[in-house]
Number of protein chains: 2
Amino acid sequence: MTQKTNLRHRVTIADIALRAGVSKGAVSYALNGRPGISEVTRQRILKIADDIGWYPNSAARALSGARAGACGLVLARPARTLAFETFFMELIAGIETELSSRSVGLTLQVVHDLEAEMAVYRRWWAERRVDGVLVVDPRLEDPRVELIEQLGLPAVIIGGPEGIGSLSAVWSDDAGAVVDVVRYLARLGHERIARVAGVPEFRSTEVRTEAYLATMAELSLPPRVVTTDFMAESGARVTRQLLADPLPPTAIIYDSEVLAVAGLGAAHEMGLSVPRDVSLVAWDDSTYCQVVHPPLTAVRRDIPAMGSHGASALLALIDDGVITRTGEARGQLMTRGTTARPPHTPVASSRGTSSGSV
Amino acid sequence: MTQKTNLRHRVTIADIALRAGVSKGAVSYALNGRPGISEVTRQRILKIADDIGWYPNSAARALSGARAGACGLVLARPARTLAFETFFMELIAGIETELSSRSVGLTLQVVHDLEAEMAVYRRWWAERRVDGVLVVDPRLEDPRVELIEQLGLPAVIIGGPEGIGSLSAVWSDDAGAVVDVVRYLARLGHERIARVAGVPEFRSTEVRTEAYLATMAELSLPPRVVTTDFMAESGARVTRQLLADPLPPTAIIYDSEVLAVAGLGAAHEMGLSVPRDVSLVAWDDSTYCQVVHPPLTAVRRDIPAMGSHGASALLALIDDGVITRTGEARGQLMTRGTTARPPHTPVASSRGTSSGSV
DNA sequence: GGAGGAAGGTGAAACGGGTAAGTGGGCTCT
DNA sequence: AGAGCCCACTTACCCGTTTCACCTTCCTCC
């Protein structure tokens, strides 16, 4: 009986109006906290709505010019890369805390490339499926920015550095953290510090490489950068290549955690001892960094915070048209078991001492 | 000008109808491939729709009794657990391949507990925000099943074993894979094989434990099961406890990859050599299993396939009311570098020989 | 040559909630 | 006591799409 009623007939504001003996319009005003309804009637309507279990139909609400009540996130990395990047899951968790507290949904789509990502933006916006989007992995030449501006689609770029075009943005101070890491290693006495970077098309890769090069130059140390496609195999391969060099680096900074874990595995596989023979630093901390042996020294960013700030900025943009540009706190270097003095280094080399001033 | 036009006026079927000189109804029939329109008119309408860049308004479509065009997925594990479980990202990637090929969206929500998860189902269904949901981590006493049946919400349970209630389900043959692993270890000569399980409330945990116990009994080996909360620290801790035992296990089977990686780290930390001193097996393979050193022997399941089959089953349920129950292929044991003969074992012990017959 | 039927439409009514414009009734002010 | 005004509603239409009940025309068949 009850079952059948539930299945057959959705509860609408018309039902509430009928029971309350008022018009649909009055019910709508009451439910939306708008003026024009006496407090006693409003309470009566709210009680009836609660009693008969009314929920607004999201489609009807969206149709009458209001919000879709959802934000979108497109992930355009290959699925294989996504799976082991804990970054995205942490980011999503952070986004959710903000969105769900405001009863806004998150619509997710995984695609293969930028073209497909842009097609999704077009479709979502044309269908009014989302009110705005969060954009990750900003690129050097990013065609998404132009499209989004042209569409008038509210968007927040996550990952910076800095904003692009006229869009809202949330980013972390990667350059600063890179400087910290390089100086820390130099202070330990390292001179041959290599950087294993991610894909060069990403802005985050470039800004980190530039900060690395600048700091190395400042310390008069020889730079060495190799790029990867963020895949673990690639991280292991370049680590093997670097360490097989006649003059191998004594420290390696990786651009992701999975690259670092793969690098650690590769070093062990070559019979090297970490950190005795080589020091390793991961970018982005995670459980994996902490449980491998030895635990990885890593740059820890508050990724959930970046997600929730991004979501918050997006809602502000959607609701009030406010463009926000927020730099997050600089990543913290968590020194653990994979960094130590370089092998065969005098306790105080001339360079080590001079770099100790930073 | 063009900009202004785009921003101010959405393209609707009324515009198409006007240009084509037909009624709105005719346009709707044409666009949805329904009969009642001549082929030539249909083509003319489709061309006009394409020319003026028409997209269906998802809200209007959903409102007139049709589909919401989205499926839902609620993740109720704590965010910290989610981040390092590559399982979920792989599952989502698999779900997406199926959904996006049919232009159905995926709405995601991350919550803290079962209560909140159920509240989300209620709300989504009441608001008609989704057409159905994918439910993960089925439990022994699962209150979600009753709620979903009561709501009449189309749902597919992912992760089994087997279906629950009247719902569609997709699961993997975990019991079979556990039998494979235990027998493989026994054949290597292991007698003290421990199992590090996940949270006991999950059905997957129970079915694996039962299969483990049955196989151990069958082989006349002493069973030992410890449970964890799936957190890495917990995996490291129980590993240390197990290995510090006066009569420690010579092989450990973990219930997730992160537990196994943490266990490997703990073993190394204790100065043990893997696999010489102890053999380790991970459940669910991942990049991390392959890049740590030595690479972890692991049970590999095709998780994206499970996701896409789940999504496919859900769409079949939504569209045609078809209840599907699919057991996926049994997980494959990928033997790598963390399993070997137990220490100090004669090449052919009586038990080792007898168990070799399986 | 009129019944019957199908093809190819038309027009209007849902769907559920938002909201501008109107409408009484009671109150205040002078 | 009449003008003016505000409160608390009601009425009516909007949003964009689907769908249902008709309504023409034209063709076929006996």
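Throughout, protein chains are lettered first and strands after them, A, B, ... in sequence-line order, and every chain is numbered starting at 1. All values below come from the heavy atoms of this structure, side chains included, with hydrogens, waters and symmetry mates left out.
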Colleague: Can you tell which of D/dT18, C/dG17, C/dG11 lies closest to the side chain of B/Ile13?
Modeller: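 Within the option list, the nearest is D/dT18.
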Colleague: With rounding to the nearest 0.5 Å, note down the distance linking CD1 in A/Ile148 to CG in A/Leu167.
Modeller: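 With rounding to 0.5 Å, CD1 (A/Ile148) is 6.0 Å from CG (A/Leu167).
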Colleague: Below 4.0 angstrom, which residues in residues 29-54 of chain B have at least one non-hydrogen atom near DNA chain C?
Modeller: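 Only B/Gly36, B/Ile37, B/Ser38, B/Thr41 qualify.
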Colleague: Does C/dG16 have OP1 or OP2 under 4.0 Å away from a side-chain N or O of A/Arg61?
Modeller: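 No, because none of the side-chain N or O atoms of A/Arg61 sits under 4.0 Å from OP1 or OP2 of C/dG16.
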Colleague: Would you mind reading off the distance between B/Tyr55 atom OH and D/dT17 atom C1', rounded to a whole angstrom?
Modeller: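 Taking atom C1' of D/dT17 as the reference, OH of B/Tyr55 is at 18 Å.
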Colleague: Counting C-beta onward and ignoring hydrogens, is there a side-chain heavy-atom pair between B/Thr12 and B/Asn57 closer than 4.5 Å?
Modeller: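 Answer no - side chains too far apart.
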Colleague: Hey, does A/Val27 reach any base, or is it just sugar-phosphate, or nothing, if we go heavy atoms under 4.0 Å?
Modeller: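 If one applies the 4.0 Å heavy-atom cut-off, A/Val27 turns out to touch nothing in the nucleic acid.
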Colleague: Around A/Arg44, counting heavy atoms of other residues, nucleotides and ligands shown, do more than 12 lie under 6.0 Å from its CZ?
Modeller: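 Atom CZ in A/Arg44 is packed in, count exceeds 12.
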Colleague: Could you check B/Ala60 against A/Gly21 and say which one's nearest nucleotide on DNA chain D is further toward the 5' end?
Modeller: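 Looking at the nearest nucleotide for each, A/Gly21 comes out on the 5' side.
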Colleague: Expressed in angstrom and rounded to an integer, what is the separation of A/Arg10 atom CZ from C/dG16 atom C1'?
Modeller: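 One finds 8 Å between C1' of C/dG16 and CZ of A/Arg10, rounded.
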Colleague: When the distance from CG of B/Asp15 to P of D/dG16 is rounded to whole Å, what number comes out?
Modeller: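 It works out to 9 Å between those atoms.
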Colleague: Measure from CD1 on B/Ile16 to C1' on C/dG9 and round the result to the nearest Å.
Modeller: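 Checked: the CD1 to C1' distance equals 17 Å.
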Colleague: Measure the spacing between CG of B/Leu314 and CG of B/Leu99 and express it to the nearest 0.5 Å.
Modeller: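 Spacing of CG (B/Leu314) from CG (B/Leu99) equals 7.5 Å.
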Colleague: What are the two closest heavy atoms between B/Arg34 and B/Arg42, and how far apart are they?
Modeller: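 Closest approach of B/Arg34 to B/Arg42, heavy atoms only: O-NH2, 2.8 Å.
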Colleague: Are any of the side-chain heavy atoms of A/Val145 and A/Asp142 separated by less than 4.5 Å?
Modeller: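 Yes; the side chains approach each other to less than 4.5 Å.
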Colleague: OP1, OP2 of D/dT18 versus side-chain N and O of B/Ser28: anything below 4.0 Å?
Modeller: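 Checking D/dT18 against B/Ser28, a side-chain N or O does come within under 4.0 Å of OP1 or OP2.
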Colleague: Closest to the A/Asn57 side chain: D/dC15, C/dT10, C/dG17?
Modeller: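 Nucleotide nearest to A/Asn57's side chain: C/dG17.
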Colleague: Between CE of A/Met89 and CZ of B/Phe88, what distance do you get to the nearest 0.5 Å?
Modeller: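 So the CE of A/Met89 and the CZ of B/Phe88 are separated by 7.0 Å.
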Colleague: Take atom CG of B/Leu18 and atom P of C/dT10, then tell me their distance rounded to the nearest Å.
Modeller: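 In whole Å, C/dT10 P lies 12 Å from B/Leu18 CG.
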Colleague: Grab the CZ-P distance between B/Arg128 and D/dT17 for me, whole Å please.
Modeller: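 Value for this atom pair: 21 Å.
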Colleague: Check residues 58-79 of chain A and write down every donor-acceptor pair under 3.5 Å in which the side-chain atom is one partner and the other belongs to a residue at least two apart or another chain.
Modeller:
{"unit_1": "A/Ser58", "atom_1": "OG", "unit_2": "B/Glu127", "atom_2": "O", "d": "2.8"}
{"unit_1": "A/Ser64", "atom_1": "OG", "unit_2": "A/Ala60", "atom_2": "O", "d": "3.4"}
{"unit_1": "A/Ser64", "atom_1": "OG", "unit_2": "A/Arg61", "atom_2": "O", "d": "3.3"}
{"unit_1": "A/Arg67", "atom_1": "NH1", "unit_2": "A/Asp319", "atom_2": "OD1", "d": "3.2"}
{"unit_1": "A/Arg77", "atom_1": "NE", "unit_2": "A/Asp137", "atom_2": "OD2", "d": "2.8"}
{"unit_1": "A/Arg77", "atom_1": "NH1", "unit_2": "A/Glu85", "atom_2": "OE2", "d": "3.4"}
{"unit_1": "A/Arg77", "atom_1": "NH2", "unit_2": "A/Asp137", "atom_2": "OD1", "d": "3.0"}
{"unit_1": "A/Arg77", "atom_1": "NH2", "unit_2": "A/Asp137", "atom_2": "OD2", "d": "3.4"}

Colleague: State which of D/dT17, C/dG16, D/dT11 makes the closest approach to the side chain of A/Ser64.
Modeller: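 Closest nucleotide among those given: C/dG16.
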Colleague: At what angle, to 10 degrees, do the two end axes of the helix from C/dG1-D/dC30 to C/dT30-D/dA1 meet, given five pairs define each axis?
Modeller: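 Computed angle between terminal axes is 50°.
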Colleague: Counting just side-chain N and O atoms, does B/Thr12 come under 4.0 Å of either OP1 or OP2 of D/dG16?
Modeller: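 So the side chain of B/Thr12 is outside the cut-off, no N or O lying under 4.0 Å from OP1 or OP2 of D/dG16.
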Colleague: Taking only the side-chain heavy atoms of A/Lys24 (C-beta and beyond), determine which of D/dT10, C/dG18, D/dG16 contains the nearest atom.
Modeller: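 When the side chain of A/Lys24 is considered, C/dG18 is the closest of D/dT10, C/dG18, D/dG16.
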Colleague: Determine, for B/Lys47 against B/Asp51, whether the closest basic-nitrogen to carboxylate-oxygen distance falls under 4.0 angstrom.
Modeller: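 Yes, this pair counts.
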Colleague: Would one find more than 12 heavy atoms of other residues, nucleotides or ligands at under 6.0 Å from atom CD of B/Glu141?
Modeller: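 Open.
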